[in-house]
Number of protein chains: 2
Amino acid sequence: MKAERRIALIEAGTRLFAERGLNGVSVRELSRSADASISMVSYYFGGKEGLYAAVLEEQFACFDQIEEIRKQGGDPLAMIEGYIRWTIRRHRTHPYLLRFYTSELTNPTPYFAKIVSPAIEKVIRTLAEIIADGMRRGQFRTNIHAVSAATALAGMVSYHMLSTLATQALFGHAPVEDESLIRDYLAIFTRGIQAG
Amino acid sequence: MKAERRIALIEAGTRLFAERGLNGVSVRELSRSADASISMVSYYFGGKEGLYAAVLEEQFACFDQIEEIRKQGGDPLAMIEGYIRWTIRRHRTHPYLLRFYTSELTNPTPYFAKIVSPAIEKVIRTLAEIIADGMRRGQFRTNIHAVSAATALAGMVSYHMLSTLATQALFGHAPVEDESLIRDYLAIFTRGIQAG
DNA sequence: TCGTTCAGATCGAACGTTCGTTCGATAATA
DNA sequence: TATTATCGAACGAACGTTCGATCTGAACGA
């Protein structure tokens with residue numbers, strides 16, 4: 001057999017947990033939304049929190065990819081552009097990832113330390129390394145803390161993604177096209193940290 | 001009488017709701033934490049959600065202040081510095097505000113539209129106006145969308161505040177001093193949007 | 001090819017717990 | 001004495017989990 005209900009539960013959990021958090025969704029709603037019986041959650045995941053952890057794990061697996069960008073080496077400015085593009089692409093392929101991310105950042109569950117925190121750490125640390133690299137090359141100003149610059153960059157991009165939907169509704173300002181956004185953020189950030 | 005339990009409940013609610021969200025806290029825990037009986041929540045606020053709304057309202061009242069910065073006029077660059085300083089100060093005086101802010105942004109409750117959304121709108125709109133002003137003066141580059149620049153700035157600062165605690169634990173990088181942070185972010189952002 | 005077998009998949013009722021709210025009683029103040 | 005503040009027990013509803021029953025489909029022997 002194919003464990004179709006398992007897949008359906010992961011899908012429903014991904015959407016619902018992202019929308020309302022771990023405590024905002026009941027097992028009954030989860031299983032109803034997955035067209036499964038209420039006992040399937042415990043059967044496959046050992047309980048509600050097990051499903052949450054499974055969803056988290058699946059969503060955050062793709063964070064490993066940041067290291068590819070760094071390993072390929074090259075110009076720090078190009079790597080920063082790579083990071084922005086990668087983040088936007090990730091946002092398109094994992095539409096609920098950012099919600100989990102910020103949701104866990106503000107209201108961390110016990111799985112934060114195991115799954116989310118290492119994922120964040122990897123990204124910020126890699127970004128800071130790229131920036132420190134640019135500093136050593138004399139390409140970036142050295143009077144800025146590399147980790148501060150890394151969180152500034154991550155914050156710019158993540159916050160924009162998060163507020164895109166709200167922005168559209170609030171300001172009638174259609175969220176800028178990807179390419180336009182990349183150009184604006186690259187301009188602001190890289191011009192801001194360049195030396196000279 | 002003095003309605004001491006009411007105040008205690010607001011205080012407990014501010015901390016607990018920020019830490020775990022609306023659905024992460026029970027009325028029993030709320031009242032226990034406020035040394036009040038379980039019925040006080042309904043007595044004063046008409047129920048758990050009423051307390052949540054009261055806390056939200058109180059926390060977001062200070063967002064009106066952003067307009068003061070703009071009204072005073074002056075150099076757009078100085079106003080941007082004013083915004084960063086104001087945000088940091090707000091973070092010190094309202095230690096739980098940012099958590100509510102991002103928590104509501106990711107998992108909006110029915111009170112989002114009434115309380116949080118207008119507060120965010122005010123800040124981003126005002127920032128965008130300040131930046132557009134700098135553009136008209138020829139001080140800032142005009143090939144960047146003002147709202148994109150505004151969300152970039154807000155994102156940089158807010159994200160840093162949010163991740164400060166996590167950053168400290170994760171990277172051994174003690175969160176930078178306020179003045180140092182202001183200098184770094186000002187340098188990155190204002191240099192990034194300046195004309196020429 | 002057909003019936004049997006059996007482990008995995010799925011179900012829904014039932015259980016004990018916890019939830020948020022209500023309500024009558026009591027305490028404190030004016 | 002009237003009013004406000006506070007309490008804690010009680011209620012029905014909803015929660016997450018458990019469990020025995022049923023269904024499904026592949027494997028196997030005849």
Side-chain angles (χ1 to χ4, degrees), chain A residues 1-59 100 103-104 107-112 114-115, chain B residues 1-59 100 103-104 107-112 114-115:
Chain A
M1 293 191 198
K2 285 194 297 173
E4 289 172 352
R5 293 310 102 199
R6 201 196 119 96
I7 296 166
L9 278 171
I10 288 269
E11 283 169 2
T14 303
R15 189 169 43 81
L16 291 174
F17 283 138
E19 274 167 10
R20 273 176 269 143
L22 173 59
N23 295 300
V25 196
S26 72
V27 175
R28 277 166 178 80
E29 182 170 10
L30 241 8
S31 44
R32 198 185 326 124
S33 177
D35 267 320
S37 108
I38 196 177
S39 47
M40 287 293 93
V41 174
S42 286
Y43 178 71
Y44 279 118
F45 306 99
K48 184 189 179 185
E49 295 211 4
L51 173 55
Y52 186 76
V55 166
L56 228 52
E57 199 120 30
E58 189 190 83
Q59 289 287 305
F100 281 116
S103 184
E104 281 285 329
N107 307 132
T109 66
Y111 308 102
F112 180 78
K114 281 180 237 161
I115 301 168
Chain B
M1 292 190 196
K2 284 194 298 175
E4 290 172 350
R5 294 310 100 197
R6 201 195 120 95
I7 296 166
L9 277 172
I10 288 269
E11 283 169 1
T14 303
R15 189 170 43 80
L16 291 174
F17 283 138
E19 274 168 9
R20 274 177 268 142
L22 173 60
N23 294 300
V25 196
S26 72
V27 175
R28 278 166 177 80
E29 180 170 13
L30 241 8
S31 44
R32 198 186 323 124
S33 177
D35 267 321
S37 109
I38 196 178
S39 48
M40 287 294 92
V41 174
S42 285
Y43 179 71
Y44 279 117
F45 305 99
K48 183 189 179 185
E49 295 211 4
L51 172 55
Y52 186 77
V55 166
L56 227 52
E57 199 121 29
E58 190 190 82
Q59 289 286 305
F100 281 116
S103 184
E104 280 285 330
N107 308 132
T109 65
Y111 309 101
F112 179 78
K114 281 179 237 163
I115 302 168

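In the text below, chain A, chain B and the rest are named by the order of the sequence lines, each starting its count at 1.
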In whole Å, I'd like the distance from the CD1 atom of A/Ile38 to the P atom of C/dA9.
20 Å
Answer yes or no: does a side-chain N or O of B/Tyr44 lie under 4.0 Å from OP1 or OP2 of D/dT6?
yes
Whole-Å distance, B/Lys2 NZ to D/dT3 C1', equals 18 Å
Confirm from the modelled atom types if B/Ser26 and C/dC19 form a donor-acceptor pair under 3.5 Å, side chain to base only.
no
Nearest whole Å is fine: how far is D/dT4 P from B/Glu4 CD?
17 Å
Quick check: on DNA chain C, is the nucleotide nearest A/Arg28 upstream (toward 5') of the one nearest B/Ser42, or the reverse? Name the residue that is more 5'.
A/Arg28
OP1 or OP2 of C/dT10 under 4.0 Å from side-chain N/O of A/Tyr43:
no
Touch check for B/Asp35, heavy atoms < 4.0 angstrom, all strands: base, sugar-phosphate only, or nothing?
sugar-phosphate
Rounded to whole Å, please give me the gap between CZ in B/Arg5 and C1' in D/dT4.
15 Å
Check the angle between the aromatic planes of A/Tyr52 and A/Tyr111 and answer parallel, tilted or perpendicular using the 30° and 60° thresholds.
tilted
To the nearest angstrom, the NZ-P distance between B/Lys48 and C/dC19 comes to 9 Å
Taking all atoms of both residues into account, what is the closest heavy-atom pair of A/Leu16 and A/Val25, and its distance?
O-CG2, 3.5 Å
Specify the separation, in whole Å, of atom CE of B/Met40 and atom C1' of C/dT26.
12 Å
Donor-acceptor pair, A/Ser31 side chain versus A/Arg28 backbone, under 3.5 Å?
yes
CD of A/Glu104 to CD of A/Gln59, rounded to nearest 0.5 Å, is 12.0 Å
Quickly work out the B/Arg20 CZ to C/dC19 P distance and round it to whole Å.
11 Å
A/Asn23 atom CG is separated from D/dA14 atom P, nearest whole Å, by 18 Å
